[in-house]
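First up is the structure itself, then whatever we jot down about it.
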Amino acid sequence: MSRSFLVPQTDPGASYDAHKEEIDAAIKKVLESGTYILGKEVKDFEQEFSSYIGVDFAVGVASGTDAIEISLRAMNIGRGDVVFTVSHTAVATVAAIERAGAVPYLIDISPETFTIDTDKLEKEVKTCILKGGKSPGDLKAIVPVHLYGHPADMPTITAIAKNYGLHIVEDCSQAHGSECMNKKVGSFGEMAAFSFYPTKNLGAVGDGGMVVTNNPDYIEKLHALRQYGWENRYVSSFAGINSRLDELQAGILRIKLKYLDKENKKRREIAGSYTNALQGKSIKTPKITNNASHVFHQYVIQTNNRSDLISYLQSKSIATGIHYPMPIHLQPAYKDKILVPVTGLEITEEICQKIVSLPMYPQMTTDSINYVCEALNRWSI
Ligand SMILES: *Cc1c(COP(=O)(O)O)cnc(C)c1O
């Protein structure tokens, strides 16, 4: 579908083409090994990925959604517990919290970084504690989302968590390699979840996910949860699920991990070209805060003339996306299952009307980048 545009918005197929020989060899190796679930490739990838992030342990699971759910469950967070996150995110973040049995409490975002507004977060935590409606004991965790590849404000979030006794599970699904204060995201929280959905900065050719942590106490539980709750084979100590990263995906991800930094650098270069082309226009370009390293999973602009801009780019055969058009607190499946501040989610609702994601994938050719920049530069509104 994406290939029907001259410039697609994303292109996972191009990522295969770029590393075809190595990926084909990795696939063949797995097929011939005869081990397809929880073998050497998964073990090696867990080791390589944890060392890339700068943490001690990694546990491969079947998706990013599962990674968040399993992280929460490993901390015994579940029924009746409250977990703070944002409404402006992939629905998966909130779905995972809900599936763990907890109640998602959705906080507004900062209009600059699209990540959780830490002032509003602290205010809600305090209000909850004062109101006593939801008892302080029920407030369990924060799930900050490093949306579009920009890190959430982890120093402040860590301080809030410490102050109020909350756990942190980072949602790093869009931020493989992103840094805050020269430290990779995924190494701040007690646990962090990654997705390897094909279009992510590190993408498989199917579903995949990872939980990372520095705490050895969680490892046995994580291993058990991803496989039927087994602590010993065939004996379930508690109710687990089936959520395993498979050998084929792990073998392919091991190849792609080697190129992640180079590809993130390319994403930053594309972002730089867009920002230059948009100088002086009435379009708001993405900000990067001090101490942050952005990996541009998406390059998201804001405009009051969104539908005009999208049709204009479409007329030039340039595809765009909207990530995301409807905040989670307004979605039919979740609107009755979440908590929101009484003051509402003003910034979230406002920016949903204005955001557009431009084409962004590391295999974009110089010609394509120039073509998009030229089109943006000629945009006259
Ligand atoms: C992709 C994504 C997820 C979920 O990942 P899946 O692997 O599709 O389950 C969760 N959170 C965010 C922010 C994502 O972008």
Side-chain angles (χ1 to χ4, degrees), residues 9-10 12 15 45 49 58-73 83-100 102 104 106-107 109 113-116 141-152 154 157 168-178 185-186 189 191-212 225-226 241-246 249-250 252-253 256 267 294-300 321-329 331 333-334 338 348 351-352 355 357 360-361:
Q9 204 269 322
T10 182
S15 164
F45 179 54
F49 191 74
V59 177
V61 296
S63 72
T65 312
D66 283 359
I68 300 169
E69 179 191 343
I70 288 171
S71 297
L72 293 169
R73 291 185 59 187
V83 175
F84 295 95
T85 190
V86 287
S87 188
H88 184 64
T89 180
V91 71
T93 312
V94 177
I97 295 168
E98 206 266 336
R99 222 171 52 176
L106 307 182
I107 305 295
I109 50 168
T113 62
F114 301 104
T115 61
I116 195 162
I142 307 167
V143 178
V145 182
H146 308 297
L147 201 72
Y148 307 147
H150 190 292
M154 290 315 296
I157 292 166
I168 296 176
V169 175
E170 295 172 70
D171 183 348
C172 305
S173 301
Q174 302 192 0
H176 317 68
S178 167
V185 302
M191 290 209 214
F194 288 84
S195 163
F196 303 121
Y197 183 79
T199 59
K200 309 287 182 178
N201 291 42
L202 181 59
V205 300
D207 280 307
M210 190 77 91
V211 178
V212 302
L225 277 167
R226 76 170 164 187
I241 56 179
N242 170 6
S243 180
R244 299 172 293 218
L245 182 65
D246 67 67
Q249 302 304 339
I252 292 164
L253 288 163
K256 291 200 183 182
R267 287 174 184 269
H294 199 320
V295 292
F296 288 101
H297 173 61
Q298 300 292 355
Y299 183 94
V300 176
I322 299 176
H323 303 95
Y324 298 90
M326 187 188 277
I328 315 300
H329 69 283
Q331 301 208 8
Y334 294 104
I338 48 97
T348 296
I351 69 119
C352 278
I355 47 176
S357 310
M360 177 55 80
Y361 53 95

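What you are looking at is a predicted structure, and each value in this text was computed from that prediction instead of being measured. Counting convention: from 1, in listed order, for ligands and their atoms alike.
- Counting atoms of ligand 1 from 1 in the listed order, those under 4.0 Å from a heavy atom of T93 are 11 (N), 13 (C).
- Considering backbone and side-chain atoms together, G64 places an N or O closer than 3.5 Å to an N or O of ligand 1.
- Considering backbone and side-chain N/O of T65, one or more are found under 3.5 Å from N/O of ligand 1.
- Applying the 4.0 Å criterion to heavy atoms of S63 picks out, from ligand 1, the atoms 7 (O), 9 (O).
- Near S195, meaning under 4.0 Å from any of its heavy atoms, are these atoms of ligand 1: 1 (C), 5 (O), 6 (P), 7 (O).
- Using a 30° and 60° split on the angle between ring planes, F49 and F45 fall in the tilted class, from 30° to 60°.
- Remark: ligand 1 and D66 share no N or O pair separated by less than 3.5 Å (distance only, no angle test).
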**Study point:** side chain to side chain contact (heavy atoms under 4.5 Å, CB included) assessment of Y334 paired with V91
**Key:** CA-CA 9 Å; Y334 294 104; V91 71; 3.6 Å; yes
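- Atoms of ligand 1 found under 4.0 Å from any heavy atom of S173, numbered from 1 in the order shown, are 2 (C), 3 (C), 10 (C), 11 (N), 12 (C), 14 (C), 15 (O).
- For ligand 1, the polar-atom distance check finds no N/O of D207 at less than 3.5 Å from any of the ligand's N/O atoms.
- Between K200 and ligand 1 there is a heavy-atom distance shorter than 4.0 Å.
- No side-chain heavy atom of V83 sits less than 4.5 Å from a side-chain heavy atom of I142.
- Residue-ligand proximity, V145 to ligand 1, at heavy-atom distances under 4.0 Å covers atoms 13 (C).
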**Study point:** CA sep, side-chain torsions, deciding dist, call: M154, H146, side chain to side chain contact (heavy atoms under 4.5 Å, CB included)
**Key:** CA-CA 10 Å; M154 290 315 296; H146 308 297; 3.6 Å; yes
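- When non-hydrogen atoms are compared, ligand 1 lies under 4.0 Å from the side chain of D171 (C-beta onward) but not from its backbone.
- Minimum heavy-atom separation, N201 to V295: ND2-O, 3.0 Å.
- Looking at T89 against ligand 1, only its side chain comes within 4.0 Å, counting heavy atoms.
- Interatomic distance, OH of Y324 versus OG of S357, reported as 8.0 Å (0.5 Å rounding).
- Relative ring orientation between H176 and F194 is described as tilted, the plane-to-plane angle lying within the 30° to 60° band.
- Taking the six-membered ring where tryptophan is involved, the planes of F114 and H88 are tilted, since the angle between them lies from 30° to 60°.
- Checked by atom type and distance alone, the side chain of Y197 never pairs as donor or acceptor with a backbone atom of S173 at under 3.5 Å.
- Taking a cut-off of under 4.0 Å to the non-hydrogen atoms of A92, the atoms of ligand 1 that pass are 3 (C), 4 (C), 10 (C).
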